[in-house]
2 protein chains.
Amino acid sequence: MTSSPFRSSCPINLGLEVFGDKWTLLIIRDMMFAGKRHFREFLTSDEGISTNILADRLAMLTRVGIVTRAGDPSHRLKAIYSLTEKGIQLLPVIAQISRWSRSHMPVDPTLAITGEARDRAGPDAVEAQMVALRAMHLGTGS
Amino acid sequence: MTSSPFRSSCPINLGLEVFGDKWTLLIIRDMMFAGKRHFREFLTSDEGISTNILADRLAMLTRVGIVTRAGDPSHRLKAIYSLTEKGIQLLPVIAQISRWSRSHMPVDPTLAITGEARDRAGPDAVEAQMVALRAMHLGTGS
DNA sequence: GCAATCGATTGCATTTTGCAATCATTTGGA
DNA sequence: TCCAAATGATTGCAAAATGCAATCGATTGC
């Protein structure tokens, strides 16, 4: 009766149970680097996510508190997805994946520019970008 | 005829195409933190990977150059799996996932100790552990 | 010999994914 | 007012991946 929904409570495993698939982090990436906030926008990325997978992942991300969903004040049909602090703190994970791939995989040089600049700017660059994401996705603050 | 085997050449995506699943990084984790090198050892982890998935992932990791396979000199049947430099450099990714989970998921405190100690020790701790992994997995060096 | 152990494969039911078509609702313009 | 376009999804269905147990041939240790 008291069985956990997780395979184990290891930190690595718990992360993988949330974003250990081929699509979830790409959605977060698009919110962070491409400023995407609407359902249709995520469909335009190069990898070509399909609508059912996207809907499923957005619902999951909302359920686990990485993303929030709100109605667009100007278009009643439109939904606006925002990152929570929990989601913004995935940036260091994504930055580290980027670093590994740029060292070991055949990345497109154009798509590597953002990550290279972040690395050149030093360790504070990730923090700075998280500050910017908070301004965009969390309340305006005073 | 010249189509890429990848969905895109984005750094984030290329990383996910290699380790974007629920099992691959757990195998790497076990090699890094539990010192596991033999097929049977990986089967004893809490998450309970099955033999066909394990065989599939070990073959894939070998194929992409994250792991090498060698025969055990003392037991002809035994295979010894080692991390390559490409594999060792996944430690920063794993450390970052651990950090996120320890902040945002219900991790087992006992299993969090290693990561907490690494964080307390400062940024050099990851580098130091990579040095140790090189000593264990790459040639002895002179 | 012979049981135990090695890495790995097979068979099969279940689940997840990929892909296209479609949905009901709302918006914007004529 | 009407109607096409756009919104966030859902559905149907084939294909692929996964989970699980049984099993494989080869080798080791006794």
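Since we're looking at a predicted model, the values are computed, not measured. In what follows, chains carry the letters A, B, and so on, assigned in the order in which the sequence lines appear, proteins first and then strands, with residues in each chain numbered from 1.
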(message) Under 4.0 Å, heavy atoms only, any strand: does B:Phe42 hit a base, just the sugar-phosphate, or nothing?
(response) nothing
(message) Check for me whether B:Arg29 meets the cation-pi criterion with B:Trp23, that is, NZ or CZ under 6.0 Å from the six-membered ring centre and within 45 degrees of the ring axis.
(response) no
(request) Examine C:dG18: is either OP1 or OP2 under 4.0 Å from a nitrogen or oxygen in the side chain of A:Trp23? Give yes or no. (result) yes
(request) Map A:Arg7 and A:Asp56 onto DNA chain D by nearest heavy atom, then report which one ends up closer to the 5' terminus. (result) A:Asp56
(request) Ignoring hydrogens and angles, tell me if any N or O in the side chain of B:Arg37 forms a donor-acceptor pair with the backbone of B:Tyr81 under 3.5 Å. (result) yes
(request) Could you tell me whether the phosphate oxygens of D:dA6, OP1 or OP2, come under 4.0 Å of any side-chain nitrogen or oxygen in A:Arg40? (result) no
(request) Check every atom of D:dT28, C:dG18, D:dT7 against the side chain of A:Asn52 and return the nucleotide holding the closest atom. (result) C:dG18
(request) Round to a whole Å and report the spacing from CD1 of B:Ile27 to C1' of C:dA8. (result) 14 Å
(request) For the side chain of B:Ile53, starting at C-beta, report the closest nucleotide among D:dT18, D:dT28, C:dG7. (result) D:dT18
(message) Looking at every non-hydrogen atom in both residues, tell me the closest pair between B:Gly115 and B:Ser98 and how far apart they are.
(response) CA-OG, 4.2 Å
(message) Rounded to whole Å, how long is the line connecting atom CD1 of A:Ile49 with atom P of D:dT10?
(response) 14 Å
(request) Take the protein atom CG of A:Leu43 and the nucleotide atom P of C:dA20, then report the distance between them rounded to whole Å. (result) 13 Å
(request) Report the distance from atom NZ of B:Lys22 to atom P of D:dG19, rounded to the nearest whole Å. (result) 10 Å
(request) Identify the two heavy atoms, one from A:Leu83 and one from A:Ile88, that lie closest to each other, and give their separation to 0.1 Å. (result) CB-CG1, 3.9 Å
(message) I want to verify a distance call: between C:dA8, D:dG8, C:dT27, whose nearest atom is closest to the A:His75 side chain?
(response) C:dT27
(request) Would you kindly give the CZ-to-P distance between B:Phe39 and D:dA26, to the nearest whole Å? (result) 18 Å
(request) Counting heavy atoms from C-beta on, name the nucleotide in D:dT7, D:dT18, C:dG18 closest to the side chain of A:Ser50. (result) C:dG18
(message) Could you tell me how far apart A:Met60 (CE) and C:dT15 (P) are, to the nearest whole angstrom?
(response) 19 Å
(message) Quick check on C:dC6: is either OP1 or OP2 less than 4.0 Å from any side-chain nitrogen or oxygen of B:Tyr81?
(response) no
(request) Please state how far atom NZ in B:Lys78 lies from atom C1' in D:dG25, giving the value in whole angstrom units. (result) 18 Å
(message) So B:Val67 and B:Met31, do their side chains get closer than 4.5 Å, heavy atoms only?
(response) yes
(request) Report yes if a side-chain nitrogen or oxygen of B:Arg57 is closer than 4.0 Å to either non-bridging phosphate oxygen (OP1 or OP2) of D:dT18; otherwise report no. (result) yes
(message) From the set D:dA22, C:dA20, D:dT18, return the single nucleotide nearest to any side-chain atom of A:Thr51.
(response) C:dA20
(request) Grab the CZ-P distance between B:Arg37 and C:dC6 for me, whole Å please. (result) 16 Å
(message) Measuring from the side chain of A:His38 (C-beta onward, heavy atoms only), which nucleotide among D:dT7, D:dG8, C:dA8 has the closest atom?
(response) D:dG8
